**Student:** 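Before we start, here is the structure in question, set down as structure tokens.
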Amino acid sequence: LYFPRREYHENVYLEQPGGTSLLQIHALKDSEDEEVYFWLCPQLHIPRAGAKDNLWFQISEKTGLLFLNKSLDREDFDTLFAGNWMSMPKLILQVYLTSRPFQGRECRESYTKALVKLSVVNATMPACGSLMPSQLCFADTDLSFHIKENKPPGTFHQLQRFALQQQCQNASISYTIIADEGLPFHYNEDITSIRVAQTLDREEREKYELIAKCTVREGSKETSTEVPLLVNVFDEDDMPPFLPNGTSTTDAVVEFSRKEGTVLAALMVYDADTTPIFPIESSRKKYTGIINSSDPWIKETFRAEHIFHEISFRPNGSQVRGTRHEYKLVLNKNISVTESRSFQLDVIVNDTEYQGPNKSLTLHFNVSVLPISIQFSNVTYHFTVNRNAANFSQIGKLCIDNCMRFYGVNVTYSLQTPNVSCYAVTIAQGQEGKFGILYVNNSAVLQRHDCKEIQYPVIAREERSKKEAYTLLTIVLDGSLIHNDDDCPDSCAVSKTRSECEECGGVGVLMGKCQWRQGSGKGITTNYSTCSPSIKTCPDGTCDAVEIKDEKICPQDCTRANIVGGHQKGVLGTGIRAGHGVCHCFPDISCYCEKDDIREPLCDDMC
Amino acid sequence: AGRGSRGRNCRLHSLMVKVRDLGLGFESDEIVKFKYCSGSCQHARTNYDLTLSSLLQKHAIVPGPHDRPSSHPCCRPTKYEDFSFMDVRHAWKTVSQILAAECGCVG
Amino acid sequence: AGRGSRGRNCRLHSLMVKVRDLGLGFESDEIVKFKYCSGSCQHARTNYDLTLSSLLQKHAIVPGPHDRPSSHPCCRPTKYEDFSFMDVRHAWKTVSQILAAECGCVG
Amino acid sequence: VLAFEHSNNCITAENNCVADSACNASYQILQNCSQSFAKSSFFLLHHEARDRCLEAEKFIQTSYFKDCKCHRRTRKQEEQCLRIYWTVHSASTQADFHLEVSPYEDVVDEEPSKTRYKHLETQLSGSRVFVDTTNPCLQAVNVCQLNHKCMRLRSNYAQICSAGQPCDQRKCHRNLRHFFERVSMDFIRPLLFCPCQDEICGERRWNTIVPECSFQSTSKPNCLVLLDSCLKDNICKSRLADFQKQCKPSSTSSDGCSLKHSHAACLEAYMGMIGTAMTPNYISNSSDEVTLWCSCTKSGNQKEDCDQILESFANNRCLRSAIQSQMRLNQVTRVLNEKVPRV
């Protein structure tokens, strides 16, 4: 049994005699053989005042007619609403249903309930003349109902307002229902009741909009009022999952991206039923997706993730909500580069709340795990380094085949002992273990004339599988030595002008001198002016594996210190993404972005 | 201190300025009540200041191009405030330590 | 900051001076190594300083005769030392807070 | 706020009750009830336990706690007071969207600061700094900038809410609440309800509460989920109850509201929602309609309930007429001020 409405509203006046009918409540059956008995909870509730014993209202057990069994007088009003200054205080009754007659007055919470919100007017029933026709017609302008699909027909509402219409005997009040042809509703003009005449199917239609028209005739005067009457069809899980175009198979290839969380492939399952997301717990349990495999490796290495989206179906023109369930095959852990196998992985999808046949179906993922080769495409790599290069100057990158496409594959690069005792260069591991960055770590060696060409054997090793690749690195030194002024700062970023910048070196410079980047100068821009060891790598928005070793190299990319002046921080909170005018830094202390035309007042006392 | 001098001492001043005129490169139509510190700190000098002032005057000390010996405490903010505004693209920006909240003769 | 620029930052300087030339009116033949603070505080500026500099430069702020808004922290002693000596009449004198012991960019 | 002395503060009521053994006994029962409601719904309690709770609540609501209320717009022990209020009203208001009974004392319109606002507005329009007065939202901001408290608290929330992705929404909400609680209504109303004629003004108005942190999230939750998280937080639940009471729409009344002359109270209750799980905002830079950041897809059979939540903000006659009348008021005051001679 269930109520077609959650709430009913009506007015109650003082001194209305006992026995006055107030409101007709309806219930609908879940099955034909059910009987309907109506009950009132013993307590009524008054907002702000709490619960009180119900001495005034009764409901007919068989018909659901709510009536006054004892008149509500002024004294009752005062005891009920003592000090409640609201102009029209409200009291709330709870009606519940049982399908067997019993005398017990226990209002168990497991029973479905409807609320009756009675506005208590602190006056006697008004004379008929003082009432507006619309007041006579409808207690509630919100006529919306819900009817469960697949349930037996039944009456779900009665339009007439008993008490007021009893008061105005000489007014003729009639109702009609305006609706499209062929709707499954029947209106009984005599008792103004509306009935759903057949079992409804939400997957056919989930919303019906009718109009209740009320006409009041008093003598020659006739007025009519129309109120929309809305019926929502409640869903029941009566439809099985199905595949949109029969495709339950797809390929899932694991190659370069072998990292936990990688989405390999996705398949869709549709359901004509709705899937509520709230409450979240029960929503999650409604549709499950389990990997059907006894192979522990498969169960450990893959997982099925499920999200759902609401979609619309359009059976015969009306729009009906349904669900598209998306099942993704996801790596549950990193996979070794050597792993290589192919198999079919099945995911069993189950609509747990659907009771009929075919409540579950199987999705097939053709999984192929391809091995990755760890190898250098070149037999040798050749770089030229200027003898004036400073420590931390970046020479180049070493990268095995496809290294930039790897995810979840950690490659370590290392230089072995060179052919000559000229130890000038080393290698830093790039982000996410993809490549190695060659840089100078002993600039003094570059200035030795006996060091002209240095060869390093290079090993690239994949950490998990220990697979290795080899190549040969040749470093050729060239350029004639130049001298830097002793007064030069260690960091290029300290310089604020082109002249200061280009007359000095600093950590990370490639050719002995810092490089000036002239910006566009307009507002706060990513193209700010600054002095850099190498414009190619600094500033480039990334605090790379070499720059991170010492903030003096490229504070423009790496600083975490205070940045003063118009600026915008780097995406990861480090460095200067955009700046105003010239950006210069006192590494590890502060950076400034300011217009270069602001002349510092040179003295204090002397002004 | 004479009747007039209290007005001259180091204290908080304010000025209505458009954010775009602060000189920091921001483009915004909002204005800000820029507060700064100014005024004399003569009353807070020490023997050090008297001596330094005298030596500077007698050119016994000749400051280098970047040197700036100060022979009295300076009138500076002792408390700052940040300031947030919407720029012309309606992005929120915050400038830290831009408004003086309190002033004092420091150093 | 490299060797070059460190030299310009606010730091302790010293100068051999006769006590009588300190300008405090003492008569003594003793000399003192007068220590004072000088140098750039550029690296300690805040947004307040940049803004004040810009407004002063654009004459949006026109300081009064006694006003001297300082648009950068000032290089000042952060610790002082007293100094005692015998004057020409061999009486012991002590001058408090006359020598800078440590310097810093304050304010 | 003198009006408050007449009605009863829930903290005072608690102190009196605790000192009275009879009252204190019932209050202890109710506190245990309230904790068990927090774990499971009132309806899942064994009916004897439930009756004992109802009995205790009936006694308590007629004792010191009768009609007790909490401070509005001040941080003075707000959370403590609301905890007491909802303990006293725990049995009867269970997970129902229609709370309707507000824990806050009634709205008292502030008089004194109107003069301060007018003084600053005149100072702004008479100043040497040429200020664009065609954009009412910008003008309201600039008047706020001249008031230290308004400027300070605006900078506070803006700094925290725009401190980069992902932002700390909890801190952002708290600072937004501080702004709307402590700054005088006369600075806030022109700032939030500025009448825009173009999208630039509308964009500024939409961005006022730093929506990408305080209002939006990557994907729109279902409004039932939003309500659920609101009802689990005393402040949000209280602000929602206040909003439902002050902005209750009526199809019959001329100003769209059930309560008489409640536009000011409705706007204040609306602003009370800013900085909670159900933070509302304008729909876009070209609309003065407001909404919540949630949708009613995936509601299943609770679509009606979900629509009701969303429409209580996005389609509320009372709220809309309150906002529009405030915007008209702001427009009229601006026109009057533009007649002030420029120095």
Side-chain angles (χ1 to χ4, degrees), chain A residues 390 484-497 500-501 503-509 514 524 531 533 550-553 555 559 561-567 579-607, chain C residues 1-13 15 17 22-23 34-78 98 100 102-107:
Chain A
N484 272 327
D485 186 345
D486 291 346
D487 197 24
C488 283
D490 293 351
S491 171
C492 294
V494 169
S495 302
K496 290 204 290 194
T497 64
E500 262 181 31
C501 176
E503 73 190 18
C504 280
V507 284
V509 297
C514 301
I524 298 169
C531 182
D550 183 340
E551 188 159 318
K552 292 200 282 296
I553 302 168
T559 190
N562 189 27
I563 304 170
V564 179
H567 73 278
H580 175 228
V582 177
C583 292
H584 60 101
C585 293
F586 302 89
D588 296 319
I589 302 175
S590 54
C591 288
Y592 289 82
C593 294
E594 54 189 317
K595 287 302 272 178
D596 42 19
D597 53 7
I598 300 281
R599 279 292 145 264
E600 269 315 305
L602 268 183
C603 63
D604 237 2
D605 265 8
M606 291 309 166
C607 302
Chain C
R3 198 178 49 69
S5 64
R6 212 172 300 114
R8 283 186 245 157
N9 282 348
C10 168
R11 62 184 177 81
L12 201 60
H13 298 255
L15 179 81
V17 185
L22 292 175
F34 178 68
K35 291 181 286 181
Y36 64 94
C37 300
S38 186
S40 159
C41 280
Q42 290 300 296
H43 60 278
R45 289 173 303 152
T46 58
N47 285 311
Y48 166 85
D49 298 312
L50 267 59
T51 304
L52 188 53
S53 268
S54 167
L55 295 174
L56 284 168
Q57 184 145 3
K58 290 183 223 163
H59 302 298
I61 293 178
V62 180
H66 301 282
D67 282 348
R68 184 174 299 102
S70 161
S71 61
H72 52 77
C74 46
C75 178
R76 288 283 299 172
T78 49
I98 183 169
E102 287 163 8
C103 300
C105 292
V106 297

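The chains referred to below are lettered A, B, ... by the order of the sequence lines, with proteins before strands, and numbering in each begins at 1. Note that this is a predicted model, so its numbers are computed, not measured.
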**Student:** Return yes if some donor-acceptor pair links the side-chain N/O of A:Ser590 with the main-chain N/O of C:His43 below 3.5 Å, else return no.
**Tutor:** yes
**Student:** How would you list, by chain and number, every residue that makes a side chain to side chain donor-acceptor pair (under 3.5 Å) with C:Thr51, sequence neighbours excluded?
**Tutor:** none
**Student:** Any chance you could measure C:Asp49, atom CG, to A:Glu594, atom CD, to the nearest 0.5 Å?
**Tutor:**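 It comes to 10.0 Å.
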**Student:** Can you pull the salt bridge (Lys or Arg N to Asp or Glu O under 4.0 Å) pairs that have at least one residue in residues 52-63 of chain C, sequence neighbours excluded?
**Tutor:**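 Passing the test, one end in residues 52-63 of chain C: no pairs.
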**Student:** Chain C: which of A:Gly565, A:Cys504, A:Cys585 shares the most heavy-atom pairs with it under 4.5 Å?
**Tutor:**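 Top option by heavy-atom pairs under 4.5 Å: A:Gly565.
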**Student:** Drop me the distance from C:Asn47's CG to A:Tyr592's OH, to the nearest 0.5 angstrom.
**Tutor:**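 OH of A:Tyr592 is found 9.0 Å from CG of C:Asn47.
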**Student:** Which atom pair, heavy atoms only, marks the closest approach of C:Thr46 to A:Val564?
**Tutor:**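 For C:Thr46 versus A:Val564, the nearest heavy atoms are C-CG1, 3.1 Å.
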**Student:** A:Cys593 versus chain C, heavy atoms under 4.5 Å apart: side chain, backbone, both or neither?
**Tutor:** backbone
